[in-house]
Every structure is written in structure tokens, then in C-alpha cells.
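None of these values were measured; they are calculated from a predicted model. Order of listing sets the numbers, starting from 1, for every ligand and every atom in it.
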Amino acid sequence: MSKEDWDKYDDSSEIKENQGYIPKWFSILFGGTIVFGIVYSIWLYASGWTQEKQYREQVKAAQINEPQKTTVVGLTEDGVNPFRGDKEAIAKGQQTFATICAACHKADATGLVGPNLVDNKWLHGNTDKEIFHVIMEGVPADKALQKPPKGPMPPHKASLGAKKVLQVMAWLADKNPSLKPK
Ligand code: HEC
């Protein structure tokens, strides 16, 4: 553009600056979003919510409410038996106990070679996590704590697997409240 053209347009009355004011409702809305953002951030931080926490809670709930649907049957994130209180699992657990464990622990679990499992005395801990470990891995003779020693407790990781062991534990927990979730 030539200088003349510039001057023409620059002085032209066709170009004028309008003073448009932002409507009040818009300013309020705008300010409101900022205030909301700050308040919401503080609230969210204070509530302790995190994506990871929510994920863990949902996985845990699924393990407890729909253990058959979860791909990995095992203790929950908290080390709790997901079959606790599950009637079907308790019934299956009783069957497994009768066929596998009763030989050493007696059908009513009051003990023979193996100790009583329905009293409140525990040699290797009384939480789901500890008992799951004992049943899955067994107790080798040199770690046996019964006095006088009556032999080792065989492992059941391979023969039964986590699901059946947890079902047995659900049955035991149902009979013996001293078997604590954690
Ligand atoms: C060959 C016999 C035998 C069989 C079969 C057996 N146990 Fe045991 N169990 C033992 C002995 C012996 C001990 C005690 C080990 C010790 O002295 O520490 C024991 C210990 C335990 C304990 C730990 C008790 C405590 O006080 O800490 C649990 C729980 C248990 N058995 C559950 C089971 C379950 C469930 C089964 C079936 C899946 C089973 N056992 C099968 C012999 C057996």
C-alpha cells in the first residue's frame, strides 16, 4: 500500500473504534468460573480424592461383590478374603475342607494332627493374609510351632489353588470370628 492509501484509510471516518463494554452477565459468569475453580480445587484437594484411590476402591468392591467375575482370584488389595460372607463360597469351602483338610484337622475343624482351627488360639497368625499364606505354602517341619510337634502342614497352592483355599477360609471365618479380615 502506498503512503497515500495509508493516509486515506487512517484519516477515514470509516474506521472508528467502538467502545464495546463486556456485558455484566458475562463478567459475572467469567468471575464465577474463576471462583468456582479455586473453591473446587481446594475442596477436591481437601477431600483426598485421587484417581488411583478410586480405582483401587472399585477393584476391591468388584473383588468382594463379584469375585467370580474378577480375573485374578486372590486376596483383595487390603489382604482380605473376598469370599467372606459369600454363602455359595462357604458351602464349597466346607466340602473342600471335608475332603482335604478334615483328615488332619477333623471334619468340625477342632483338630487332630493339625491344630484346632475354630478356637481363638493361632500359631501362625489370625488374619486372612497370614492364614492364606499358611494354607497355600504349608508349614515345613522346621517351622512347625505345635507343642509337642505333630508334623508339617502340607502346601495346597498346587493341589487346590487360591480360589478353593479362599473358599475354605470363608467357611472357617464363618465358623470362627477370631479369624479376622486383617
Ligand atoms: C497332613 C495333615 C494336614 C492336612 C491335610 C492339612 N493340615 Fe493344616 N496343619 C497341619 C499341621 C500339623 C499344622 C500345624 C503346623 C505347626 O505345628 O505349626 C497345620 C496348621 C494349619 C493352620 C495354622 C493354624 C494356626 O494355629 O496357625 C491352618 C490355618 C491350617 N492348618 C489349615 C488347613 C486347611 C484349610 C487345610 C486343607 C486345605 C489343611 N490345613 C490341611 C496338618 C495338616
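For A103, the side chain to side chain contact (heavy atoms under 4.5 Å, CB included) test picks out no residue, with sequence neighbours left out. Considering only residues two or more places apart in sequence or on other chains, Q58 meets the side chain to side chain contact (heavy atoms under 4.5 Å, CB included) condition with Q54. With sequence neighbours left out, D78 forms a salt bridge (Lys or Arg N to Asp or Glu O under 4.0 Å) with K60, K182.
Ligand-side atoms of ligand 1 in range of L160: 38 (C), range being under 4.0 angstrom from any heavy atom. Residue A144 approaches ligand 1 through these ligand atoms, each under 4.0 Å from one of its heavy atoms: 16 (C), 17 (O), 18 (O). Near I131, meaning under 4.0 Å from any of its heavy atoms, are these atoms of ligand 1: 29 (C). The contact set between ligand 1 and V168, taken as ligand atoms under 4.0 Å from a residue heavy atom, comprises 35 (C). Taking every non-hydrogen atom of I100 and a distance limit under 4.0 Å, the qualifying atoms of ligand 1 come out as 5 (C).
The hydrophobic clustering, which links ILVMFWY residues whose side-chain heavy atoms are closer than 4.5 Å, places V139 and M169 together. Hydrophobic clustering of Ile, Leu, Val, Met, Phe, Trp and Tyr side chains at less than 4.5 Å, counting indirect connections, keeps I38 apart from L44.
Salt bridge annotation for E57-K53: absent, with no cationic side-chain nitrogen under 4.0 angstrom from a carboxylate oxygen.
Scanning the protein heavy atoms around atom 12 (C) of ligand 1, the nearest turns out to be G151 O, 3.2 Å. Considering only non-hydrogen protein atoms, atom 16 (C) of ligand 1 sits nearest to L145 N, 3.2 Å. Of the protein's non-hydrogen atoms, the one nearest atom 26 (O) of ligand 1 is L123 N, 2.7 Å. Counting only heavy atoms of the protein, atom 27 (O) of ligand 1 lies nearest to H124 N, 2.8 Å. Taking atom 41 (C) of ligand 1 as the reference point, the nearest protein heavy-atom neighbour is H156 CE1, 3.5 Å.
Within a 6.0 Å radius of NZ in K129, other residues, nucleotides and ligands contribute 12 heavy atoms or fewer. Heavy atoms of other residues, nucleotides or ligands lying less than 6.0 angstrom from CG of L145 number more than 12.
Inclusion of V113 in the set of residues having an N or O under 3.5 Å from an N or O of ligand 1 is not warranted. Considering backbone and side-chain atoms alike, Q146 places an N or O below 3.5 Å from some N or O of ligand 1.
Here the side chains of I131 and W122 are in contact, with some heavy-atom distance below 4.5 Å. A 4.5 Å side-chain heavy-atom check between T96 and W171 finds every atom pair outside the cut-off.
Side-chain atoms of D128 come within 3.5 Å of backbone N or O of N81 as a donor-acceptor pair.
Tally of protein N, O or S atoms closer to atom 8 (Fe) of ligand 1 than 2.8 Å: 2.
If you take CG on L117 and CG on L172, they are separated by 5.5 Å, rounding to the nearest 0.5 Å.
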